[in-house]
Amino acid sequence: PQTELEFRNALIDAAEIGAAKALTEVGILKPFLKLREARRLFGAAIVNRWIQEDLVHPIKDGNRNASVRLDRMELLTVAKTCNRATYLTMEERINN
């Protein structure tokens, strides 16, 4: 963070991620979200892009029509760290 506001927002994001991690560890929050739940929370296009760019890793526990789940902490971390002002496209990330 370069400004006081960016630093403040980074601390808030870290606190939210830490709280979610603690709630997950004590069993209040589920550690995984179904793909459908993640799309509803973060937006279908965004979740699909994160999967396509390998920022989040879907887990499929069976064959064919088994449901897909995503790690809650992975989703929250990516959501909090995606900064549109400095976001690189997949091509730019590969070349860097």
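What you see is a predicted model, and the numbers here were worked out from it, not measured in a lab.
Applying the 6.0 Å contact sphere to NZ of Lys34 captures no more than 12 heavy atoms from other residues, nucleotides or ligands.
Between the Glu6 side chain and the Gln2 main chain, a donor and an acceptor come within less than 3.5 Å of each other.
Leu29 and Ala20 make their closest contact through CD1-O, 4.0 Å (heavy atoms, listed as atom of the first residue, atom of the second, distance). Heavy atoms only, all atoms of each residue included: Leu70 and Leu35 are closest at CD1-CD1, 3.8 Å.
Clustering ILVMFWY residues whenever any of their side-chain heavy atoms sit less than 4.5 angstrom apart, transitively, puts Ile59 in a cluster other than the one holding Val78.
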- Carefully, step by step, assess Arg36 and Val68 under the rule side-chain contact (heavy atoms from CB on, under 4.5 Å). CA-CA 8 Å; Arg36 179 185 58 222; Val68 174; over 6 Å; no
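Distance check: Glu4 CD to Asn9 CG gives 10.5 Å after rounding to the nearest 0.5 Å. Atom CG of residue Leu76 and atom CG of residue Asp13 lie 10.5 Å apart, to the nearest 0.5 angstrom. Within the model, atoms CD of Glu16 and CD1 of Ile12 stand 7.0 Å from one another, a figure rounded to the nearest 0.5 Å. With values rounded to the nearest 0.5 angstrom, Leu75 atom CG is found 10.5 Å from Phe32 atom CZ. The line from CG of Asp71 to OG1 of Thr24 is 8.5 Å long, rounded to the nearest 0.5 Å.
Taking a cutoff of 4.0 Å between a charged side-chain nitrogen and a carboxylate oxygen, Glu37 and Lys30 qualify as a salt bridge. A salt bridge links Lys21 and Glu25; the closest N-O separation between the charged side-chain nitrogens and carboxylate oxygens is under 4.0 Å.
Put simply, the side chain of Leu33 does not reach to within 4.5 Å of the side chain of Arg69, judged on heavy atoms.
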